[in-house]
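One structure is given below, encoded as structure tokens.
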Protein chains: 2
Amino acid sequence: MTDAHTSTEFVIERIREAILSGDLRPGEKLHQDKLADMLGISRTPLRTALTALTQSGLVSYESNRGFYVREFSFSDVAGAFQVRAELEATACRLAAFNMSETAERQLFELVEEGDRLLSPGSLSPENLVPYRRMNVGFHTAIMEFAANPWIKTFVESLHNVPLASDRVIMWRDFYVIRRSHDDHHRIARALAKGQGERAAAIMREHITFALEHLHTQLEEYPEDFLRVPTADTRSSKTRTRRRNRRPAA
Amino acid sequence: MTDAHTSTEFVIERIREAILSGDLRPGEKLHQDKLADMLGISRTPLRTALTALTQSGLVSYESNRGFYVREFSFSDVAGAFQVRAELEATACRLAAFNMSETAERQLFELVEEGDRLLSPGSLSPENLVPYRRMNVGFHTAIMEFAANPWIKTFVESLHNVPLASDRVIMWRDFYVIRRSHDDHHRIARALAKGQGERAAAIMREHITFALEHLHTQLEEYPEDFLRVPTADTRSSKTRTRRRNRRPAA
DNA sequence: ATTGACAATTTTGGATACATTATGTGCATA
DNA sequence: TATGCACATAATGTATCCAAAATTGTCAAT
């Protein structure tokens, strides 16, 4: 199934999934004993997993107080899109210099795959996952052609921000998807022709619009999304308690 | 001394320093028992520290084989500069919208501090550290004004790439420093006037040139820098051993 | 001499036990 | 009633111990 050799690696993946899927809620305390029990392991590999997830940004940590599911404000999400737009635009600019025959073919195949999935005139539920795979593949491919590993690394870590994750697809409005896929067409063609700046511009807008659209969708259909914790989830009592205690130490 | 409350946090900092300073060489194996002994702690907090450092990119890890000081190719370093240039340019563009009175003042104070340090007409060894602090402060300040935490996060992690770290200063050629600080002047003024694009352009070149300069310096005075591991540091024997064994698993 | 198999040793990964720090409760006091 | 302190409780951080895996060394066979 997974290629995780150690239980730590296995648990990292388990918890990441639980957080991104919303099984573990933002701000929720990650109780070591309880979690270890649930997962059927001891605290040692669990703690290892949690520190790893802390570094990759999904979990927050305070010395001697423990781990929490990290909370993201909407401004964090917006910022993630902003930076992703820049990074992937840069990827386009760089990729334009490295487009081999096979690279071109790979992009066009992904684009055609998208065409097939959208050809019915709507995105059926069973095509949602394949479409997402295609989408991820397209963006990833370009970052690989850019041959700058940092871009891919950072973009991946931005996908750990819940609503900025590429697992969110705007499936409600077919026209939006169609248009988004049209961007892919143009980006692929631009790259093939070595028009790096053009590809970059389309990509930047492609991602910037995704944020804008997310924003409007959030207001119209908030129930479609996991709650974004703008307010605090913990009781105000606990919070003041904490504030008062900390400075003493 | 440090504000590390746990020995894990303390050890993370110790090891990071050791790696960035070159005490621990790229590719070197991080032996758990030995390291724990040296640091006077048990393996548990050490392992925690190592997984944390793995995620932040300074250490590499293979299941059941252990931790190694991560090796960076020159192309990694170049890529780090490239991405940093884009990120900090973006920071400039964003910061231009958020320039408060105090923000302006803060920038100009840093610039003036630089003027003072450079006024003798050369950068004396005892001024090297203050200059570095000023430099870091300047770049950090702009990223903070940009109000997008991701930028700062990623740039910080790029500073973990040995030669891309801001602890490397090109002190040999005073004109280069002077010119670099002149960029700071212009960036500060541009931001103060709300000229985001201009500031971004200067910043991009500011960092792009730093890479170019590093490159020439590396060729002229390689002994000034810690060895960049283009070739492998481990014995070829160990390496073939590994290659042959792995596929069996 | 080289290769391959096997045992011995070392090293890593995980579980448990212990120490330390935070949290919560109750009581005394103002 | 509210506040502050002391103690009890619970949770985290670290050390130690055991199990599993990898590395090393030995030896026979070719």
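Order of the sequence lines fixes the chain letters, A, B, ..., with proteins taken first and strands second; residue numbering starts at 1 for each chain.
Salt bridge B:R14/B:E17: absent, no basic N to carboxylate O contact under 4.0 Å. Salt bridge status for A:E156 with A:R84: absent, with no side-chain N to carboxylate O gap under 4.0 Å. Between B:R16 and B:E13 there is a salt bridge, since at least one side-chain N of the basic residue sits less than 4.0 Å from a carboxylate O of the acidic one.
Atom CG of A:N64 and atom P of C:dA19 are 17 Å apart (whole Å). B:E62 has its CD atom 14 Å from the C1' atom of C:dT11, to the nearest Å. As a whole-Å value, the separation of B:F67 CZ from D:dA22 C1' is 15 Å. Taking atom CZ of B:F10 as the reference point, atom C1' of D:dG13 lies 16 Å away to the nearest angstrom. Rounded to whole Å, the distance from CZ on A:R65 to C1' on C:dT23 is 9 Å.
Environment of CD in A:E126: crowded, with over 12 heavy atoms of neighbouring residues, nucleotides or ligands closer than 6.0 Å.
Checked against a 6.0 Å centroid threshold, the rings of B:H31 and B:F67 do not count as neighbours. The six-membered or imidazole ring of A:F10 lies away from that of A:H5, with a centre-to-centre distance of 6.0 Å or more.
Proximity of B:S7 to the phosphate of D:dT14: a side-chain N or O atom is located under 4.0 Å from OP1 or OP2. Dashed line: the shortest gap from a side-chain N or O of A:R43 to OP1 or OP2 of C:dA17 is not under 4.0 Å. Remark: B:S63 is not in phosphate contact with C:dT12, judged by side-chain N or O atoms under 4.0 Å from OP1 or OP2.
Near DNA chain C, defined here as any heavy-atom distance below 4.0 Å, the residues from residues 29-38 of chain B are B:K29, B:H31, B:Q32, B:D33, listed numerically. For DNA chain C, the neighbouring residues in residues 44-61 of chain A, judged by any heavy atom under 4.0 Å, are A:T44, A:P45.
Annotation for B:P162 and B:L20: closest pair CA-CD2, 4.3 Å, computed over non-hydrogen atoms.
Side-chain contact annotation: B:N160 with B:S157, donor-acceptor N/O pair under 3.5 Å absent.
Ring-plane geometry between A:W150 and B:F72 is classed as parallel, the angle between the planes falling under 30 degrees on a 0 to 90 degree scale with a further cut at 60.
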